[in-house]
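Below is one structure, written out as structure tokens; the observations come after it.
Position 1 is the first residue of the sequence, and the numbers go up from there.
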Amino acid sequence: MDAKTYFTERDGRVSKDGDELQRVAAACGVTPGTLYLVALGHKTPSAELACLIEHSTGGYVDRRDTLRDFPWDGPLVAGQPA
């Protein structure tokens, strides 16, 4: 699920004042304004923030949906453990 859908379902809409958006922002160490912009697709999060959002939402918001262009599941390199 993407962040916009998640916050809409939890808070009724995507809002910097939403209880769940504020909780997740605090858990991620970012401002509600930053998370609001990420949820609406106006700001690209770092890979770390995408992972923090996923963790803070209990896996509901998948990092792969938050940061689609990041090579999360890159190819395996010979000689390296999987």
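Among residues at least two apart or in separate chains, ring pair (Phe, Tyr, Trp, His ring centres under 6.0 Å) pairs with a member in residues 15-74 are Phe70-Trp72.
Of all non-hydrogen atoms in Gln22 and Lys16, the two that sit nearest each other are NE2-O, 3.2 Å. Residues Tyr6 and Val24 come closest through the heavy atom pair CE2-CG2, 4.5 Å. Counting all heavy atoms, side chain and backbone alike, Val30 lies closest to Leu49 at CG1-CD1, 4.0 Å. Scanning all heavy atoms of the two residues, the minimum distance from Ala25 to Leu35 falls at N-CD2, 3.5 Å.
Taken from OG1 in Thr57 to CZ in Arg23, the straight-line distance is 8.0 Å, to the nearest 0.5 Å.
Judged purely by atom type and a 3.5 angstrom limit, Ser56 uses its side chain to pair as donor or acceptor with the backbone of Leu52. A donor-acceptor pair is defined here as one N or O able to donate and one able to accept, closer than 3.5 Å; such a pair exists between the side chain of Asp65 and the backbone of Met1. Asp11 places a side-chain N or O within donor-acceptor distance of the main-chain N or O of Leu21, the cut-off being under 3.5 Å.
Every side-chain hydrogen bond (donor to acceptor under 3.5 Å, both in side chains) that Asp73 has, sequence neighbours left out, goes to Arg64. Contacts of Arg63 classified as side-chain hydrogen bond (donor to acceptor under 3.5 Å, both in side chains), with partners at least two apart in sequence or in another chain: Glu54.
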Practice task
Under the side-chain hydrogen bond (donor to acceptor under 3.5 Å, both in side chains) rule, what do Thr5 and Thr8 come out as? Steps first, then yes or no, please.
Solution key: CA-CA 5 Å; Thr5 302; Thr8 299; over 6 Å; no
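Asp2 has its side chain out of reach of Val61: every pair of non-hydrogen atoms, C-beta onward, lies at least 4.5 Å apart.
Within a 6.0 Å sphere centred on CD of Glu9, heavy atoms belonging to other residues, nucleotides or ligands number more than 12.
Cluster membership check: Leu67 does not share its hydrophobic cluster with Leu37, using side-chain heavy-atom separations under 4.5 Å among Ile, Leu, Val, Met, Phe, Trp and Tyr.
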